[in-house]
Enquirer: 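I have a structure here, written as structure tokens, and I will follow up with some questions on it.
Everything numeric here is computed off the predicted structure, so don't read it as measured data. Side chains included, hydrogens not; waters and symmetry mates left out as well; all remaining heavy atoms used.
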Amino acid sequence: MSITCNKFFASLLLGLVVSGSALAQSRVVSSFNTDWKFYKANNSTFFTDFENGQKYFESQNQWTKLEVWEDITLPHTYNKDDMQQDRNFFEGKAVYQKTFKVSPEERNRRTFLRFEGVGAVAQLYINGNYIGEHKGGYSMFVFEITNSIDYEKENTVTVVTDNKSRKDIIPINQFLFPVYGGIYRPVQLISTNKTGFVVTDQAAAGIYIRQKNVSAKQADIQVEAKLETKEKHVQSAELQVEIHDQAGKLVHSTKQPVKISPQGVTYVHEQIKMKAPHLWDGVRDPYLYSLTAKVLSNGKELDAVKQPLGVRKVELKAGDGVYLNDKKYPMYGVTRHQDRWGYGSALSFAQHKEDMELIKEIGATTIRLAHYQQSQDMYALADTMGFLVWAEIPFVNRVSYYENDNAKQQMTELVKQNFNHPSIYIWGVHNEVYSKTADEQVPVLSRELNDIAKTLDPDRYTVAVTGYNVIDRQENLSTDVQGINHYFGWYGGKIGDLAPWAKKVQQDFPDYKVMLSEYGADGNIDIGKEKVEEPDNVISGKAFAENYQTETHIQQWAAIEQNPIILASYVWNMFEFAVPAWNRGGVNARNLKGLITFDRQRKKDSFYWYKANWNPEPMLYIANRRDNQRTMANTQVQVFSNLPAVELIVNGKSYTAKQGVNKRHWVVENVQLQKGENTIQAKGKHGNETLSDEMKWTLN
């Protein structure tokens with residue numbers, strides 16, 4: 001099967017190579033996403049006769065045969081509707097099945113199935129034979145099926161999925177975000193020679209690229225290859241490493257002889273010195289090389305993997321900022337959950353790309369992909385678009401004391417699978433999990449998770465996150481960076497408390513690397529209000545006006561940019577997302593803290609506030625346009641703009657706007673409204689170009 005253009009782009013960066021002139025010898029990766037059948041077990045105990053392709057469920061202790069499968073195409077989730085509506089969602093098992101043929105010519109090769117994400121437990125069967133199980137809804141996994149398929153007739157693959165919460169799998173509940181069930185990310189069928197790069201190393205690429213001594217003058221590139229053979233004898237081969245520039249021109253090539261043992265894994269190291277590298281410089285210049293590693297025998301290519309190579313150096317300086325390639329880098333951050341209204345988590349490449357384009361439009365430079373490993377498309381897009389990425393595992397919200405093994409597994413998978421993405425600068429080990437003393441499970445497990453990340457990848461930073469505005473909590477002291485989630489003015493305190501808190505942190509912890517990993521407030525875009533008023537109850541309240549969210553972000557970004565102890569900050573959240581357990585703010589099962597609505601169709605005022613502050617493209621936007629029912633004739637109007645001056649015209653009368661909390665915030669006091677409809681215009685000049693915006697308010 002062919003891979004679509006967009007998926008081929010992402011898969012190349014992921015190390016899936018189809019070598020056109022040597023298909024008989026090298027790796028072949030095929031899409032495995034069409035012609036699937038599916039059924040949901042409806043929370044009953046069930047049994048499947050996999051070999052005959054029939055299904056049964058237990059009803060009143062009687063096994064009843066069912067005849068109807070639903071035809072589907074991957075990616076697919078069986079919770080795209082119910083988890084977005086209320087807490088009465090399906091949580092349990094479902095079965096996916098597909099038939100496929102493998103050419104007899106493949107008999108002397110190896111065959112694998114790679115899954116990019118299954119929520120949350122997957123059991124794989126080939127022709128009725130149990131192959132294995134994977135626990136965790138967000139990481140990739142690979143199973144070899146070489147010895148279980150029939151090369152003469154049709155084969156049947158069956159995947160039993162289960163998204164029921166379990167104490168031994170993180171996240172252990174569905175409280176903060178839903179774990180959508182199903183094969184909700186793509187699947188690939190991989191065919192390789194018997195000799196080549198390891199495919200089953202937690203679905204990693206088979207090569208690990210490290211960088212040392214990076215500067216504009218030179219960079220030391222280290223490649224560690226993991227090779228294996230299923231031949232009976234030691235294989236004499238060559239490891240060739242090629243680096244191509246962004247235009248595809250070969251700029252470096254090395255080759256060394258290798259002896260690949262039929263026992264275990266053969267590790268090979270290659271050292272490359274790049275002279276005058278073109279640096280990957282974030283959104284300023286996201287320049288990407290590609291690095292291709294090949295295994296050759298007698299001049300023929302046995303296997304090849306291709307990975308992105310962004311040559312860069314990231315340094316975090318306490319109380320100062322983030323430096324990329326020895327230049328200070330602005331950390332304009334947003335967070336992102338992967339789900340979308342009407343689709344759940346089963347998204348296409350185009351939808352992932354749309355999210356990234358919206359993040360680019362707002363002017364963000366860094367993204368926290370929370371609270372779990374996200375699609376490989378997201379990391380690949382971040383590489384090409386230049387975002388610095390915070391990647392993390394879903395050790396979040398609650399602990400069961402049974403999750404240790406799975407947390408360590410997911411930490412290992414996260415690092416290994418995403419090791420070569422230049423966009424990732426930090427690994428997150430946990431979010432808002434707590435203990436009473438430093439001797440308890442959470443601090444101990446956090447130290448172990450940090451050790452896994454730093455042992456596998458000593459060159460990147462690690463971070464742990466607390467929901468308290470306290471820097472030295474025992475759960476957070478094992479990592480390089482302290483992340484603070486705090487919603488000043490929402491879950492306690494006042495909006496203006498952020499600035500004095502930051503000054504106190506600077507005073508008490510000047511040597512600590514601190515990030516504001518979440519902040520913000522809920523805002524319902526369909527609720528307008530004349531006055532800015534704090535909601536009475538942020539947990540059970542049913543009317544969260546948008547203007548309070550807007551005011552929160554206006555004041556708090558102005559405070560953040562004045563306090564360098566906050567090395568990076570991340571708005572919670574770029575997009576609204578589903579929370580089945582919630583009924584708050586006027587929309588059921590929804591977290592309304594997004595700057596853009598769940599369907600990605602409407603941008604809130606706070607989106608334009610950050611765009612004015614972060615995106616250098618000239619813009620002008622009148623805020624509070626949905627607060628359009630007014631009762632006071634004398635009022636205030638505010639405009640978000642990065643222009644040098646702003647004029648406001650109300651019903652033909654001109655007002656000069658003055659700067660508010662910072663130079664992007666323009667305010668006009670004592671605006672006079674007339675009864676009925678009022679036309680409000682804002683204008684400003686960028687060179688010879690005039691920018692304008694308009695809204696209407698009604699004075700009742």
Enquirer: Under a plain distance cut-off of 3.5 Å, with no hydrogens placed, do T631 and E530 share a side-chain donor-acceptor pair?
Expert: yes

Enquirer: Ignoring hydrogens, what is the shortest heavy-atom contact between I170 and P394? Give both atom names and the distance.
Expert: CB-O, 3.4 Å

Enquirer: Is any side-chain heavy atom of R340 less than 4.5 Å from a side-chain heavy atom of E354?
Expert: yes

Enquirer: Can you tell me how far CD1 of I527 sits from NZ of K542, rounded to the nearest 0.5 angstrom?
Expert: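 Answer for the NZ-CD1 pair, K542 versus I527, is 11.5 Å.
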
Enquirer: So, do W390 and T366 sit near enough that their side-chain heavy atoms are less than 4.5 Å apart?
Expert: no

Enquirer: Do N624 and N547 pair up side chain to side chain, a donor and an acceptor below 3.5 Å, judged on atom types alone?
Expert: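 Side-chain D/A pair, N624 to N547: absent.
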
Enquirer: Less than 6.0 Å separating the ring centroids of W609 and H665?
Expert: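 Ring centres of H665 and W609 closer than 6.0 Å.
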
Enquirer: Tell me yes or no: between the side chains of Q374 and R336, is some donor less than 3.5 Å from an acceptor?
Expert: yes

Enquirer: Hey, could you give me the OH/CD1 distance between Y461 and I426, rounded to the nearest 0.5 Å?
Expert: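 Those atoms lie 8.5 Å apart.
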
Enquirer: If I take atom CG from residue D86 and atom CZ from residue R590, how far apart are they, to the nearest 0.5 angstrom?
Expert: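 Reported to 0.5 Å precision, the distance equals 12.5 Å.
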
Enquirer: Are K604 and E576 ion-paired here, with the side-chain N under 4.0 Å from a carboxylate O?
Expert: yes

Enquirer: Could you label the plane-to-plane angle of the Y138 and F177 rings as parallel, tilted or perpendicular, counting under 30° as parallel and over 60° as perpendicular?
Expert: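 It falls in the perpendicular class, over 60°.
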
Enquirer: Suppose we screen for salt bridge (Lys or Arg N to Asp or Glu O under 4.0 Å). Which residues come up paired with K513, at least two apart in sequence or across chains?
Expert: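 Here no residue qualifies.
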
Enquirer: Who passes salt bridge (Lys or Arg N to Asp or Glu O under 4.0 Å) against D480, sequence neighbours left out?
Expert: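 With neighbours one apart ignored, the set is K454.
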
Enquirer: For the residue pair K317 and Y323, would you count it as a cation-pi contact if the rule is NZ or CZ under 6.0 angstrom from the ring centre and within 45 degrees of the ring axis?
Expert: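 Judged by the rule (NZ or CZ under 6.0 Å from the ring centre, within 45° of its axis), K317 counts as positioned above Y323.
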
Enquirer: Regarding D339 and S345, is there a side-chain donor-to-acceptor distance under 3.5 Å anywhere?
Expert: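 No.
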
Enquirer: Hey, are K593 and E518 close enough for a salt bridge, meaning a charged N less than 4.0 Å from a carboxylate O?
Expert: no

Enquirer: Yes or no on side chain to side chain contact (heavy atoms under 4.5 Å, CB included) for V571 and L595, after CA distance, side-chain angles and deciding distance?
Expert: CA-CA 9 Å; V571 174; L595 307 182; 3.9 Å; yes

Enquirer: Side chains of T690 and K685: donor-acceptor distance under 3.5 Å anywhere?
Expert: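 Yes, K685 and T690 have a side-chain donor paired with an acceptor closer than 3.5 Å.
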
Enquirer: Hey, does I539 have a side-chain heavy atom less than 4.5 Å from the side chain of R584?
Expert: yes

Enquirer: Using distance alone, with no hydrogens and no angle criterion, decide if N573 and N591 have a side-chain donor and acceptor under 3.5 Å apart.
Expert: no

Enquirer: T552 side chain to A521 main-chain N or O, any donor-acceptor pair under 3.5 Å?
Expert: no

Enquirer: In the structure I gave you, are the side-chain heavy atoms of E403 and Q441 within less than 4.5 Å of one another anywhere?
Expert: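 Heavy-atom side-chain distance check passes, below 4.5 Å.
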
Enquirer: Do you know which two heavy atoms are closest between L620 and S692, and how far apart they sit?
Expert: CD2-C, 3.9 Å

Enquirer: Determine whether a donor-acceptor pair (N or O, by modelled atom type, separation under 3.5 Å) exists between the side chain of Q506 and the backbone of N563.
Expert: no

Enquirer: Between N431 and E392, do the side chains contain a donor N or O and an acceptor N or O under 3.5 Å apart?
Expert: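 No, no side-chain donor-acceptor pair sits under 3.5 Å.
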
Enquirer: By the definition ring-ring contact (aromatic ring centres under 6.0 Å, His included), identify the one residue from W614, F387, Y570, Y610 that meets it with Y332.
Expert: W614

Enquirer: A side-chain contact here means heavy atoms from C-beta on lying under 4.5 Å apart; do V505 and V514 qualify?
Expert: yes

Enquirer: Could you check if a side-chain atom of E440 sits within less than 4.5 angstrom of a side-chain atom of K436, using non-hydrogen atoms only?
Expert: yes

Enquirer: Determine, for K529 against D627, whether the closest basic-nitrogen to carboxylate-oxygen distance falls under 4.0 angstrom.
Expert: no

Enquirer: Do D472 and Y512 have a side chain donor and acceptor closer than 3.5 Å?
Expert: no

Enquirer: So, using side chain to side chain contact (heavy atoms under 4.5 Å, CB included) as the criterion, who are the partners of N628 when residues are at least two apart?
Expert: W697

Enquirer: Ring pair (Phe, Tyr, Trp, His ring centres under 6.0 Å) for F395 and H371? Distances and angles first, verdict last.
Expert: CA-CA 8 Å; F395 185 27; H371 288 297; over 10 Å; no

Enquirer: So that I can tick it off, tell me whether D508 and K504 are bridged by a salt bridge, with the cut-off set at under 4.0 angstrom between side-chain N and carboxylate O.
Expert: yes

Enquirer: Is it the case that atom NZ in K531 sees more than 12 heavy atoms from other parts of the structure closer than 6.0 Å?
Expert: no

Enquirer: Would you call D526 and R602 a salt bridge, taking side-chain N to carboxylate O under 4.0 Å as the test?
Expert: yes

Enquirer: With rounding to the nearest 0.5 angstrom, report the CD to CZ distance, E475 to R473.
Expert: 4.0 Å

Enquirer: Applying side chain to side chain contact (heavy atoms under 4.5 Å, CB included) to I471 and I484, what does each step give before you reach the verdict?
Expert: CA-CA 8 Å; I471 300 301; I484 303 295; 3.9 Å; yes

Enquirer: So that I know where these two stand, are W490 and W572 an aromatic pair - ring centroids less than 6.0 Å apart?
Expert: no

Enquirer: Counting only heavy atoms not in N634, do more than 12 sit closer than 6.0 Å to its CG atom?
Expert: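 Atom CG in N634 is packed in, count exceeds 12.
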
Enquirer: Would you check if there is a donor-acceptor pair between the side chains of Q629 and N700 at a distance under 3.5 Å?
Expert: yes

Enquirer: Looking at side-chain heavy atoms only, is the closest gap between Q549 and N524 below 4.5 Å?
Expert: no

Enquirer: Going from CG on D383 to CE on M378, what distance comes out if it is rounded to the nearest 0.5 angstrom?
Expert: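 So the CG of D383 and the CE of M378 are separated by 11.5 Å.
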
Enquirer: What pair of heavy atoms forms the shortest contact from L456 to F419, and how long is it?
Expert: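 What the structure gives for the nearest pair is O-CE1, 3.3 Å.
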
Enquirer: Under 6.0 Å from the six-membered ring centre of F575 and within 45° of its axis: does the NZ or CZ of R600 meet both?
Expert: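 Here R600 passes the 6.0 Å and 45° test against F575.
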
Enquirer: Would you mind checking if R398 and E432 are paired as a salt bridge, meaning a charged N to carboxylate O distance below 4.0 Å?
Expert: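 Answer for the salt bridge query: no.
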
Enquirer: Is the shortest distance from a Lys or Arg side-chain nitrogen in D693 or K683 to a carboxylate oxygen in the other one below 4.0 Å?
Expert: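 K683 and D693: not salt-bridged.
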
Enquirer: Distance alone, cut at 3.5 Å: any donor-acceptor contact between the side chains of N450 and T462?
Expert: yes

Enquirer: Find out whether E694 and T679 are in side-chain contact, i.e. whether some heavy atom of one side chain is under 4.5 Å from a heavy atom of the other.
Expert: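 Yes, close enough: below the 4.5 Å cut-off.
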
Enquirer: Strictly under 6.0 Å, is that where the ring centroids of Y491 and H486 end up?
Expert: no

Enquirer: Please name the pair of heavy atoms, one in Y519 and one in S569, separated by the smallest distance, quoted to 0.1 Å.
Expert: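 So the two residues come closest at CE2-CB, 3.9 Å.
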
Enquirer: Do E647 and S654 have side-chain atoms, one donor and one acceptor, less than 3.5 Å apart?
Expert: yes

Enquirer: Check whether Y287 forms a cation-pi arrangement with R284 (NZ or CZ under 6.0 Å from the six-membered ring centre, at most 45° off the ring normal).
Expert: no

Enquirer: On the six-membered ring of Y425, is R460 placed so that its NZ or CZ lies under 6.0 angstrom from the centre and within 45° of the ring axis?
Expert: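 No - R460 does not lie over the ring of Y425 by the 6.0 Å and 45° rule.
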
Enquirer: Going from NE2 on H337 to CZ on R368, what distance comes out if it is rounded to the nearest 0.5 angstrom?
Expert: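 Answer for the NE2-CZ pair, H337 versus R368, is 9.0 Å.
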
